[in-house]
Each structure stands twice: as C-alpha cells, then as structure tokens.
Amino acid sequence: MRIDIITVVPALLEGPFSHSILKRAEDKGIATVRVHNLRDYAGGKQKQVDDYAFGGGAGMVMMIEPIAKCIEALKSEREYDEVIYMSPDGKTFSQSMANELSLRQNIIILCGHYKGVDERVREKFITREISIGDYVLSGGELAAAVVADAIIRLIPGVLNDETSALTDSFQDGLLAPPVYTRPAEYQGMKVPEVLLSGHQAKIENWRFEASVRRTKERRPDLLSGKEL
C-alpha cells in the first residue's frame with residue numbers, strides 16, 4: 001500500500017510515521033507513507049496556498065490550483081483507489097471503514113486547513129470525505145495520521161501477531177474484553193480463574209460475555225438492533 005498525504009504543515013506528520021508499527025510497515029516494504037508539502041506546488045515568491053473567501057467572512061480558504069497541481073502530479077505516476085479529504089463534515093471514521101480501506105492499493109489524503117478547501121476541489125477530485133469525530137481540529141494532519149495508522153495496522157504482515165487486529169474493539173461490533181497478565185494476583189486483586197484454566201472454549205465464552213457486558217455498560221449504542 002502507498003498513502004500520499006498532502007498538507008501545508010508537513011512537520012506535523014514527521015513523528016507518527018517514523019516510529020512503532022508504521023515504521024515497521026515501511027521497513028518491511030508493506031506500506032509506504034509519503035508526505036507532500038502543498039507549498040511546493042504553489043506559485044509566486046510567497047508560495048501562497050490560501051486566499052480570502054468570495055462573498056467575505058472570516059478565515060482563509062485553500063486555493064484549488066496548488067491542490068490540483070499536486071494531485072495531478074501524483075496521478076501521473078500511478079492510479080489511486082481513493083482521494084480522501086479530511087473534513088469535519090465527512091463521514092465518521094469507523095473500524096469497518098478502516099477494514100475496507102486496508103484493501104486498497106494507493107490512497108491520497110488531503111488535509112484541510114483554515115476554513116477548508118475551495119469547493120471545486122471536492123467536486124473534481126475527492127472520492128471520499130472522512131471525519132474522525134464531531135469536533136474541529138486546527139488542520140487535518142492529526143486526523144490523517146489516525147486514519148493511516150488504523151488502515152496500515154490491518155495489512156497482513158504489519159503486526160507480529162496477525163490475529164491481534166481481529167480481536168480489537170469494534171471488529172465484531174463490541175468493545176474488547178478485559179485483559180490480564182502476570183502476576184496472577186496483585187494486592188489481593190486476582191485474575192479470573194477461567195483465564196488460568198487452559199480450557200479454551202470456556203475462555204472464549206468468558207471473553208464474549210465480558211465483551212457484551214462491557215459494551216452494554218459503556219457503549220450501549222453499539223448494541224442497538226443486534227441479536228447476541
């Protein structure tokens with residue numbers, strides 16, 4: 001997989017992709033993330049990428065020309081399955097969406113900034129708009145990093161234990177059950193006996209029931225309309 005991220009603040013994305021699982025994916029040749037500075041595609045001495053909105057109002061708007069030049073340059077090198085725009089009014093990101101996008105080969109992510117992008121960018125280039133929640137960030141960079149992380153970790157070979165991602169919260173529509181490790185007892189707090197029994201069927205049944213119980217307590221909305 002290759003993910004190309006277009007941004008006006010590339011420094012914000014230096015950290016997330018140079019450590020941990022994402023770095024491992026790059027080193028293994030499984031996934032590549034490339035960050036592109038939008039100002040490299042802007043004209044004039046000032047490398048301007050934004051301007052005042054027609055009709056007035058507060059805030060600046062990202063211009064169509066630099067964005068178009070960047071996307072068209074990338075598309076001249078390869079075909080892209082998705083051109084994603086990170087936006088507060090996009091569809092809320094979910095685990096099922098991450099699963100779907102992890103099957104793609106090439107993705108462009110455009111990070112919004114200021115008051116957003118010229119609407120013609122969305123009409124001409126964008127195939128999908130994504131939000132990571134009902135709140136506003138100063139830009140789409142952190143949201144893009146979240147989406148890229150959630151996608152890449154699902155690709156086979158990225159995690160040391162490929163079954164790990166399959167047991168994460170939300171994969172089956174439930175929150176993950178409680179987990180424990182050594183010691184088996186700490187200051188009077190004991191690990192549930194069933195987890196020490198070695199009886200895998202009973203352990204899986206306990207985990208399922210614990211998942212349902214935790215989901216009912218913390219995210220009952222996830223169980224709406226479900227038969228368990």
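If you're wondering where the values come from, they're calculated on a predicted model, not measured in any experiment.
Of the possible polar contacts, none joining the K75 side chain to the Y80 backbone as a donor-acceptor pair under 3.5 Å is found. Looking only at distances, no side-chain donor or acceptor of D118 sits under 3.5 Å from a matching main-chain atom of M63. One N or O on the side chain of D81 and one on the backbone of Q105 form a donor-acceptor pair closer than 3.5 Å. Counting only distance, with no hydrogens or angles, the side chain of S224 and the backbone of D221 share no donor-acceptor pair below 3.5 Å. Panel note: side chain T215, backbone L175; a donor-acceptor pair is recorded below 3.5 Å. Side-chain atoms of D50 do not come within 3.5 Å of backbone N or O of V61 as any donor-acceptor pair.
Following chains of ILVMFWY side-chain contacts shorter than 4.5 Å, one cannot reach L142 starting from V8, and the two form parts of different hydrophobic clusters. Both M97 and I3 belong to a common hydrophobic cluster when Ile, Leu, Val, Met, Phe, Trp and Tyr are linked at side-chain heavy-atom distances under 4.5 angstrom. Hydrophobic cluster membership is shared by M86 and I152, with clusters built from Ile, Leu, Val, Met, Phe, Trp and Tyr side chains linked at under 4.5 angstrom. L159 and L103 fall into different hydrophobic clusters, defined by Ile, Leu, Val, Met, Phe, Trp and Tyr side-chain heavy atoms under 4.5 Å apart, directly or through other members. One hydrophobic cluster holds both L38 and I126 under the rule that ILVMFWY side chains link at heavy-atom gaps under 4.5 Å.
No more than 12 heavy-atom neighbours from other residues, nucleotides or ligands sit within 6.0 angstrom of CG on D134. Heavy atoms of other residues, nucleotides or ligands lying less than 6.0 angstrom from OH of Y135 number more than 12. Heavy atoms from other residues, nucleotides or ligands lying under 6.0 Å from OH of Y52 number 12 at most. Annotation for R78: atom CZ counts as buried by contact number, over 12 foreign heavy atoms lying within 6.0 Å. With a 6.0 Å radius and a threshold of 12 heavy atoms from other residues, nucleotides or ligands, E193 has its CD atom at or below the threshold. A 6.0 Å sphere centred on CD of Q46 holds no more than 12 heavy atoms belonging to other residues, nucleotides or ligands. Within a 6.0 Å radius of NZ in K23, other residues, nucleotides and ligands contribute 12 heavy atoms or fewer. A 6.0 Å sphere centred on CD of E79 holds no more than 12 heavy atoms belonging to other residues, nucleotides or ligands.
Heavy atoms only, all atoms of each residue included: A176 and S211 are closest at C-OG, 3.9 Å. Here the closest non-hydrogen pair linking G116 and Y85 is CA-OH, 3.6 Å. Between R214 and P178 the shortest heavy-atom distance is NH2-CG, 3.5 Å. In plain terms, the two heavy atoms of L154 and S102 that are nearest each other are CB-CB, 3.9 Å. Across every non-hydrogen atom of L74 and I6, the tightest pair is CD1-CD1, 4.3 Å. For the pair A42 and V49, the tightest heavy-atom approach, listed with the atom from each and the gap, is CB-CG1, 3.9 Å.
Between K91 and E129 there is no salt bridge, since no side-chain N of the basic residue sits under 4.0 Å from a carboxylate O of the acidic one. Remark: E100 engages R128 in a salt bridge, criterion side-chain N to carboxylate O under 4.0 Å. For E26 and R34, the salt-bridge test passes: some basic side-chain N is under 4.0 Å from an acidic carboxylate O. Ion pairing between a basic and an acidic side chain is recognised when a charged N comes within 4.0 Å of a carboxylate O; R207 and E204 show such pairing.
Among I5, I84, V83, V117, the one residue that satisfies the side-chain contact (heavy atoms from CB on, under 4.5 Å) test with L110 is V117.
Here the side chains of I109 and I107 are in contact, with some heavy-atom distance below 4.5 Å. Counting only heavy atoms from C-beta outward, the side chains of I132 and L137 approach each other to under 4.5 Å. Counting only heavy atoms from C-beta outward, the side chains of V158 and R24 never approach each other to under 4.5 Å. Q200 is listed as a side-chain neighbour of I203, based on a closest heavy-atom distance under 4.5 Å. Residues L223 and K216 are in side-chain contact: their nearest non-hydrogen atoms beyond the backbone lie under 4.5 Å apart. Counting only heavy atoms from C-beta outward, the side chains of F93 and S131 never approach each other to under 4.5 Å. A 4.5 Å side-chain heavy-atom check between F208 and P177 finds every atom pair outside the cut-off.
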### salt bridge (charged side-chain N to carboxylate O under 4.0 Å, His left out) assessment of R122 paired with D89
CA-CA 12 Å; R122 301 164 87 164; D89 51 338; 3.0 Å; yes

### Task
Kindly indicate, with the supporting measurements, whether the criterion side chain to side chain contact (heavy atoms under 4.5 Å, CB included) is fulfilled by I130 and V147.
CA-CA 9 Å; I130 295 177; V147 170; 4.2 Å; yes

### Task
Any chance you could lay out the side chain to side chain contact (heavy atoms under 4.5 Å, CB included) test for I67 and M62, step after step, and finish with the verdict?
CA-CA 8 Å; I67 296 172; M62 294 175 68; 4.1 Å; yes

### Task
For side chain to side chain contact (heavy atoms under 4.5 Å, CB included), just list the numbers for I108 and E82, CA-CA rounded to whole Å, side-chain angles, deciding distance to a tenth of an Å, and then say yes or no.
CA-CA 6 Å; I108 293 174; E82 297 276 3; over 6 Å; no

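Here the CD1 atom belonging to I71 is positioned 12.5 Å from the OG atom belonging to S76, to the nearest 0.5 angstrom. The structure places SG of C111 at 9.0 Å from CG of L12, a figure rounded to the nearest 0.5 Å. Summarising the geometry, atom CG belonging to D27 is positioned 11.0 Å from atom CG belonging to L22; distances are rounded to the nearest 0.5 Å.
In the model, Y41 has no side-chain atom that pairs as donor or acceptor with a side-chain atom of R39 under 3.5 Å.
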